[in-house]
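Taking it in order: structure first as structure tokens, then the write-up.
Whatever order the structure lists ligands and atoms in, that order sets their numbers, starting from 1. Side chains are part of it too, since the values below use all heavy atoms of this structure and drop only hydrogens, waters and symmetry mates. Index from 1, following the sequence.
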Amino acid sequence: MNKTFNIQNLIRENVKGLSPYSSARDEYVSDGSEMVFLDANENPFENGVNRYPDPQQRGLKSVLAEQKGIVAENILLGNGSDEVLDLLFRTFCEPKIDNIISLPPTYGMYKVLSGINTVENREVLLTDDFQPDVEAIFNTVDEHSKLLFLCSPNNPTGNVFSEEIMVDLLSKFNGLVVVDEAYIDFADSESWVSRLSEFPNLVITQTLSKAYGMAGIRLGICIASKEIIAAINKIKPPYNVNELTQQKALKRVLDLDSVKSEISNILNERERLLKVLREVLFVEKIYASDANFVLAKVDDANKRYNQLLVEGVVVRNRTTQPLCENTLRFTVGTPSENKKLIEVLNKLT
Ligand SMILES: *Cc1c(COP(=O)(O)O)cnc(C)c1O
């Protein structure tokens, strides 16, 4: 990246001119003292959720910031990381003019969001060993390339991208590099959060949906420089993270021991599943995984997928994805769910 990196040059013109919507809860921030709240047209009768939630989720952010070694101003929370990704498009990508770079086979939402936002999605296939193809990426980039999505560990392949390659991309790409770390808690390697100060164009997304076991509450995390977070905050809907989600999420992140023990259980099960899959006759290749799923190449993915369905096991058929012909993606379940999967796999002919 050129030394004159300036985030202001990446923000859409109309967004630059906006100031964030100022809600009642922004204009008067409670300091904990007994006040009578007659400012937001809420129903005054207590039921636990009669008040608007904190638009800046201060309680949750302060815990997350401490755990991740950053400050609250480096964090933006969303209704799942899918909302965070959409906010990135809408803050930085001018419809019909700008483009994004995504690296299939990868998470499908980058493409979906580019369609929704009328922003061109330039796809650059991963290499055969599922790493970003740096040369091909830079042959595809132009001055309108605003976002480069690096999903690491990647879904559906399960691998982390090489650190050297990512540093190369971060240092040379003039837009924002969005590292999607939905599966980072299952990986051997560290989060890129610790490198935030090195790369002004680094944006990291994380989620409570996978390792934290809270897909149902929808809580996504965006981590970046204060300037980037401030820009996204200009367009964030004020109450995008509801009260129940904030409460549940706070409880969960304060109980890291439970989260860690579930992760270690899932990792043990992943190793067990890998071993068993190697013995299954119709499995032709198993890809190493740094996530809570395993991608495997089988003889005939459509046939095996349907056989598994008949036996009551739903897996993800990834055969139509580039480089993923005849692959199935197996999420690691509980020990008893995995036992069932293994029994079924072993009896299929
Ligand atoms: C599951 C997944 C997400 C979705 O996160 P939510 O917070 O549930 O919206 C994001 N990125 C990747 C790569 C995923 O696999």
Side-chain angles (χ1 to χ4, degrees), residues 57 60-61 64 68 75-90 100-114 116-117 121 123 126 130-132 147-161 166 176-187 189 191-193 203-224 232 236-237 240-242 244-246 248-249 252-253 259 262-263 266 270 287 289-295 314-318 321-324 327-333:
Q57 311 96 19
L60 186 51
K61 275 186 194 167
L64 289 170
K68 295 176 191 299
I75 303 178
L76 179 131
L77 301 178
N79 183 6
S81 49
D82 286 348
E83 185 190 32
V84 166
L85 296 170
D86 184 54
L87 290 170
L88 285 167
F89 272 85
R90 293 198 288 128
I100 62 129
I101 312 287
S102 68
L103 314 179
T106 192
Y107 185 48
M109 277 308 280
Y110 315 135
K111 184 178 193 167
V112 169
L113 289 169
S114 74
I116 291 171
N117 288 292
N121 174 34
E123 301 190 317
L126 294 174
F130 296 145
Q131 292 292 329
L147 306 172
L148 164 62
F149 288 97
L150 301 180
C151 185
S152 179
N154 188 39
N155 178 7
T157 58
N159 62 304
V160 294
F161 293 156
M166 286 176 68
L176 299 181
V177 176
V178 182
V179 181
D180 186 337
E181 293 191 334
Y183 300 98
I184 191 65
D185 302 285
F186 302 107
S189 50
S191 164
W192 282 79
V193 171
V203 176
I204 296 145
T205 64
Q206 297 180 346
T207 175
L208 294 205
S209 296
K210 307 285 158 64
Y212 283 74
M214 305 224 113
I217 70 169
R218 313 304 301 129
L219 197 282
I221 306 170
C222 179
I223 300 166
I232 310 170
K236 179 186 86 65
N240 62 330
V241 181
N242 72 69
L244 299 176
T245 294
Q246 292 190 40
K248 276 270 191 190
R252 186 65 165 161
V253 299
V259 176
E262 289 179 12
I263 292 171
I266 290 167
R270 182 180 78 194
Y287 298 91
S289 172
D290 262 300
N292 65 334
F293 55 82
V294 174
L295 188 74
V314 190
V315 300
R316 198 84 200 267
N317 186 351
R318 297 283 74 188
Q321 299 294 301
L323 308 177
C324 292
T327 58
L328 297 176
R329 192 190 68 191
F330 301 88
T331 305
V332 180

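- Looking at heavy atoms from C-beta onward, Arg218 lies out of side-chain contact with Leu208 at the 4.5 angstrom threshold.
- Annotation: salt bridge (Lys or Arg N to Asp or Glu O under 4.0 Å) contacts of Arg270 (sequence neighbours excluded): none.
- Not counting sequence neighbours, Asp290 has no partner by the side-chain hydrogen bond (donor to acceptor under 3.5 Å, both in side chains) test.
- With salt bridges taken as basic N to acidic carboxylate O contacts below 4.0 Å, one links Glu262 and Arg252.
- Side-chain N/O atoms of Glu181 and Gln206 include a donor and acceptor closer than 3.5 Å.
- Listed by chain and residue number, the protein contacts of ligand 1 are Gly80, Ser81, Asp82, Tyr107, Cys151, Asn155, Asp180, Ala182, Tyr183, Thr207, Ser209, Lys210, Arg218 (heavy atom within 4.0 angstrom).
- Every residue two or more places apart in sequence or in another chain that forms a side-chain hydrogen bond (donor to acceptor under 3.5 Å, both in side chains) with Tyr107 is listed here: Asp82.
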